[in-house]
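What's counted below: heavy atoms across the whole structure, side chains too, no hydrogens, waters or symmetry copies.
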Amino acid sequence: MKNYYRLGVLGLTSGLAFSALAQSTSQQNAAQPLPATGAQPAGTIQLAANASGDLLQELQEIVVTARRREEVARDVPIPLSVISGDTLEDKSIFNVNRLTESQPSLQLFTSNPRNTAINIRGFGAPFGLTNDGLEPGVGVYVDEVFHARPATATFDFIDTERIEILRGPQGTLYGKNTTAGAINLHTRDAGFTPEGAVEVSYGNYNFQQARAYLNGPITDKLAGRLSFASTSRDGVLRNINTNDDVNDMNNLGLRSQLRYEYSDDLTITLRGDFNKQRLECCTQVFVGVAPTQRPENRQFAAIAADLNYAPASTNPFDRVTAVDTPLQANQDIGGASVHVEWSTAAGSFTSVSACA
């Protein structure tokens, strides 16, 4: 069980501001009656606990782009889940593996970058054999750019605004490789308001994580954003052959963005990212052997005896393994994309070009 301790530059000020806002809202609600039907401000939903106005809450509507255009999530006629960037930070969800803990229909299987699969509702890609040449069944999109290799999903989320998980076949809008669904990850756009933040976390197994971003204007029409994330952790298993810890974490990510607003109708966004992964991962421990219908001489015990092999331990809680070859889980992945949005009287046009 992991325990995380987080130091955020914005955490204390946000908490104080929220407390003050909650107190102010409570005082106003006590002095003012409920607004008349139809008087709610646009973009919010108001819920009243009872007619006396003891409770009044305003919930922002969730806007998604699941169908390639901005819509309110409740108006989209497909099964989807939306996780905001604030929720990701509050729950320490910094990669797809952690995301599966809050999304029961989403599964990630990985024993190394070459053998990684993402499934939704149990469908996607088979696991157990090296799947270098197999097409994924769940499409992964980052800022509308398709990631052909599921192994890229093992990297950390960087400066994420929201994640949309679309369940079921999505081939109509997303083409092939989405027979089981799609994952849309949207990062935060560069803006013209100067801002920045730094966050540092520490946990058991020497877990260390640092995140930072810097955003602001460069010219009157050009804004930039630079984001950084680094995560490391000691291994949770002991390799008795090398006496080293394995199944550790060591990720480093950098993302940059330039947003040029040529006019109110034309916006050009240039994005670039680089991710580096250096780790000893992902081996397993011996859990047990189930008998099969094979002859006795082809059962595991007989085969192991013929090969003079014995597991490091038959108790998985010993957390030991025996690996006599490099795990080869290192990755270096980077790319760039250009996103053009043009609004005309005839409609809106979007162009996305990317290279890796």
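Annotation: ring-ring contact (aromatic ring centres under 6.0 Å, His included) contacts involving residues 223-273, sequence neighbours excluded, are absent. Residue pairs satisfying the salt bridge (Lys or Arg N to Asp or Glu O under 4.0 Å) criterion with at least one member in residues 325-343, sequence neighbours excluded, are listed as follows: Arg278-Asp332.
In this structure, a donor-acceptor pair under 3.5 Å is absent between the side chains of Thr87 and Asp90. When only modelled atom types and interatomic distance are considered, Asn206 and Gln208 share a side-chain donor-acceptor pair under 3.5 Å. Between the side chains of Asn251 and Asp156, a donor-acceptor pair is found at a separation under 3.5 Å. Side-chain atoms of Asn184 and Tyr174 form a donor-acceptor pair, as typed in the model, at a separation below 3.5 Å.
Phe349 and Leu270 fall within a single hydrophobic cluster, where Ile, Leu, Val, Met, Phe, Trp and Tyr are joined by side-chain heavy atoms under 4.5 Å apart, directly or via other members. The hydrophobic clustering, which links ILVMFWY residues whose side-chain heavy atoms are closer than 4.5 Å, places Leu106 and Phe123 apart. One hydrophobic cluster, built from ILVMFWY side chains closer than 4.5 Å, cannot hold both Leu108 and Ile158; they sit in different ones. Transitive grouping of hydrophobic side chains (ILVMFWY, heavy atoms separated by less than 4.5 Å) brings Ile83 and Val96 into a common cluster. Val320 and Val285 sit in two unconnected hydrophobic clusters of ILVMFWY residues. Membership requires side-chain heavy atoms under 4.5 Å apart, directly or through other members.
A donor-acceptor contact shorter than 3.5 Å is absent between the side chain of Asp234 and the backbone of Phe207. Side-chain atoms of Gln257 come within 3.5 Å of backbone atoms of Ala190 as a donor-acceptor pair (strictly under, hydrogens ignored). Although no hydrogens or angles enter the test, the distance criterion places no donor-acceptor pair under 3.5 Å between the side chain of Gln103 and the main chain of Glu101. With Asn247 contributing its side chain and Cys281 its backbone, the two residues share no donor-acceptor pair below 3.5 Å. The main-chain N or O of Gln284 is found under 3.5 Å from a side-chain atom of Thr321 such that the two form a donor-acceptor pair. Judged by distance alone, the side chain of Ser263 and the main-chain N or O of Leu266 form a donor-acceptor pair under 3.5 Å. Between the side chain of Arg233 and the main chain of Asn204, no donor-acceptor pair closer than 3.5 Å is present.
Residues Arg271 and Ser337 meet the side-chain proximity criterion, which asks for heavy atoms closer than 4.5 Å. Looking only at side-chain heavy atoms (C-beta outward), Phe109 and Thr116 stay at 4.5 Å or farther from each other. Side chains of Val142 and His147 form a contact here, defined as non-hydrogen atoms less than 4.5 Å apart. The shortest distance between side-chain heavy atoms of Asp273 and Leu254 does not fall below 4.5 Å. Looking at heavy atoms from C-beta onward, Ile183 lies in side-chain contact with Val138 at the 4.5 angstrom threshold. Within the 4.5 Å cutoff, side-chain heavy atoms of Arg121 are placed close to those of Pro79. In this structure, the side chains of Ile268 and Val338 come closer than 4.5 Å at one or more pairs of heavy atoms. Contact check for Ser230 versus Leu252: side-chain heavy atoms found under the 4.5 Å cut-off.
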Yes or no on side chain to side chain contact (heavy atoms under 4.5 Å, CB included) for Arg211 and Val198, after CA distance, side-chain angles and deciding distance?
CA-CA 6 Å; Arg211 294 173 175 273; Val198 177; over 6 Å; no

Apply side-chain hydrogen bond (donor to acceptor under 3.5 Å, both in side chains) to the pair Thr65 and His186, showing each step before the final yes or no.
CA-CA 10 Å; Thr65 56; His186 297 270; 3.1 Å; yes

Test side-chain hydrogen bond (donor to acceptor under 3.5 Å, both in side chains) on Ser343 and Asp265; report intermediate values, then the result.
CA-CA 5 Å; Ser343 300; Asp265 300 327; 5.3 Å; no

Evaluate side chain to side chain contact (heavy atoms under 4.5 Å, CB included) for Leu222 paired with Leu258, printing each intermediate quantity in order.
CA-CA 7 Å; Leu222 182 65; Leu258 291 174; 4.3 Å; yes

Run the side-chain hydrogen bond (donor to acceptor under 3.5 Å, both in side chains) check on Arg167 and Ser81 step by step: do they pass?
CA-CA 8 Å; Arg167 298 184 290 274; Ser81 299; 2.7 Å; yes

Step-by-step side chain to side chain contact (heavy atoms under 4.5 Å, CB included) determination, Thr283 to Leu237:
CA-CA 9 Å; Thr283 188; Leu237 301 179; 4.0 Å; yes

Decide yes or no on side chain to side chain contact (heavy atoms under 4.5 Å, CB included) for Phe155 and Asn95, but give the supporting numbers first.
CA-CA 6 Å; Phe155 287 109; Asn95 57 27; over 6 Å; no

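Paired with Arg238 under the rule side-chain hydrogen bond (donor to acceptor under 3.5 Å, both in side chains), one option of Asp245, Asp244, Asp318 passes, and it is Asp245. Each of Asp189, Asn215, Thr269 was checked for a side-chain hydrogen bond (donor to acceptor under 3.5 Å, both in side chains) with Arg225, and the lone residue meeting it is Asn215.
Listed by chain and number, the residues in a ring-ring contact (aromatic ring centres under 6.0 Å, His included) with Phe146 are Tyr141 (sequence neighbours excluded). Residues satisfying the ring-ring contact (aromatic ring centres under 6.0 Å, His included) criterion with Phe192, sequence neighbours excluded, are absent altogether. For Thr160, the side chain to side chain contact (heavy atoms under 4.5 Å, CB included) criterion is met by Leu88, Phe157, Ile163, Leu185, not counting sequence neighbours.
Here the OG1-NZ distance, from Thr219 to Lys221, works out to 9.0 Å after rounding to the nearest 0.5 Å. In this structure, Gln331 CD and Leu279 CG are separated by 8.0 Å, a value rounded to the nearest 0.5 Å. Here CD1 of Ile120 is found 7.5 Å from CG of Leu166. Values are rounded to the nearest 0.5 Å. Here the CG atom belonging to Asp248 is positioned 9.0 Å from the OG atom belonging to Ser232, to the nearest 0.5 angstrom. Atoms CG and CG, on Asn250 and Asn330 in that order, are 9.0 Å from each other to the nearest 0.5 Å. Interatomic distance, Thr231 OG1 to Gln209 CD, rounded to the nearest 0.5 Å: 3.5 Å.
Think of Val352 as one node in a network of Ile, Leu, Val, Met, Phe, Trp and Tyr side chains linked at under 4.5 Å; its network also takes in Val145.
A 6.0 Å sphere centred on OH of Tyr309 holds more than 12 heavy atoms belonging to other residues, nucleotides or ligands. Atom CG of Asp306 sits in a crowded spot, with more than 12 heavy atoms from other residues, nucleotides or ligands closer than 6.0 Å.
We find that Glu261 and Arg259 are joined by a salt bridge, their nearest charged nitrogen and carboxylate oxygen being less than 4.0 Å apart.
Taking all atoms of both residues into account, the shortest heavy-atom contact from Gly124 to Asn119 is CA-OD1, 3.2 Å.
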